[in-house]
Amino acid sequence: MKELVEIIARALVDNPEEVVVTETDNGQELVLELKVAESDMGKVIGKQGRIAKAIRSVVKAAAAKENIKVVLDIE
């Protein structure tokens with residue numbers, strides 16, 4: 001899941017080297033935290049959060065195939 005989020009985020013931003021995804025497993029769910037450069041936040045979130053919702057949908061669909069619950073936080 002971590003690699004999927006990194007690939008999507010790097011394709012969207014101007015500074016792909018500043019994309020950092022951390023993965024934490026708290027037993028019940030997998031928490032992914034996405035950090036990008038301040039100037040790229042708008043590109044990752046999108047108008048009214050549409051791009052963020054789309055990224056979350058793709059990640060949840062991939063996780064559903066593996067029976068994993070995933071939460072994506074954008075910081």
Side-chain angles (χ1 to χ4, degrees):
M1 294 301 129
K2 178 180 176 181
E3 295 83 15
L4 176 63
V5 174
E6 284 178 350
I7 291 168
I8 294 170
R10 286 193 173 132
L12 293 172
V13 299
D14 290 334
N15 301 312
E17 65 279 353
E18 293 190 38
V19 172
V20 178
V21 179
T22 56
E23 187 175 67
T24 308
D25 189 0
N26 66 7
Q28 299 172 12
E29 59 192 12
L30 184 64
V31 179
L32 299 172
E33 293 180 5
L34 172 62
K35 295 179 185 175
V36 297
E38 191 70 31
S39 59
D40 291 327
M41 282 301 280
K43 293 177 179 146
V44 173
I45 295 172
K47 290 185 179 179
Q48 297 179 355
R50 287 189 180 128
I51 294 174
K53 281 183 189 176
I55 295 171
R56 287 185 177 113
S57 295
V58 169
V59 172
K60 284 185 181 183
K65 284 188 169 184
E66 299 178 19
N67 294 326
I68 302 171
K69 184 176 179 188
V70 176
V71 176
L72 176 64
D73 291 333
I74 300 173
E75 299 188 13

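Side chains included, hydrogens not; waters and symmetry mates left out as well; all remaining heavy atoms used.
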Kindly work out whether a path of hydrophobic side-chain contacts (I/L/V/M/F/W/Y, heavy atoms less than 4.5 Å apart) joins V44 to I7.
no

Closest non-hydrogen atom pair between V59 and M1, with its separation
O-SD, 4.0 Å

In sequence, state the C-alpha distance, the side-chain angles, and the governing distance for T24 and L30, and then conclude on side-chain contact (heavy atoms from CB on, under 4.5 Å).
CA-CA 6 Å; T24 308; L30 184 64; over 6 Å; no

Which residue pairs satisfy the salt bridge (Lys or Arg N to Asp or Glu O under 4.0 Å) criterion with at least one member in residues 58-68, sequence neighbours excluded?
none

Hydrophobic clusters here meaning ILVMFWY residues chained together by side-chain heavy-atom distances under 4.5 Å, can you tell me if V20 and M41 are in one?
no

Can V31 be reached from L72 by stepping across I, L, V, M, F, W or Y side chains whose heavy atoms are under 4.5 Å apart?
no

Once salt bridge (Lys or Arg N to Asp or Glu O under 4.0 Å) is applied, what residue pairs with a partner in residues 23-35 remain, sequence neighbours excluded?
E29-K69

Please indicate whether E75 has more than 12 foreign heavy atoms, meaning atoms of other residues, nucleotides or ligands, lying under 6.0 Å from its CD.
yes

Quick note, salt bridge (Lys or Arg N to Asp or Glu O under 4.0 Å) partners involving residues 46-55, not counting sequence neighbours, are none

Verdict with supporting geometry, T22 and L32, side-chain contact (heavy atoms from CB on, under 4.5 Å):
CA-CA 6 Å; T22 56; L32 299 172; over 6 Å; no

I would like to know whether E6 and L4 meet side-chain contact (heavy atoms from CB on, under 4.5 Å); could you show each step before the answer?
CA-CA 5 Å; E6 284 178 350; L4 176 63; over 6 Å; no

Value for CD (E18) from CG (D40), rounded to nearest 0.5 Å, stands at 7.5 Å

Could you check whether any side-chain N or O of R10 sits under 3.5 Å from a backbone N or O of E17, counting only pairs where one atom can act as donor and the other as acceptor?
no

Cluster question for you: counting only ILVMFWY and a side-chain heavy-atom cut-off of under 4.5 Å, with indirect links fine, are I51 and L34 together?
yes

Among I45, V13, D14, I74, which residue meets the side chain to side chain contact (heavy atoms under 4.5 Å, CB included) test with V36?
V13

Cluster question for you: counting only ILVMFWY and a side-chain heavy-atom cut-off of under 4.5 Å, with indirect links fine, are V71 and I68 together?
no

Intermediate values then yes/no, side-chain contact (heavy atoms from CB on, under 4.5 Å), L12 and I55:
CA-CA 11 Å; L12 293 172; I55 295 171; 3.9 Å; yes

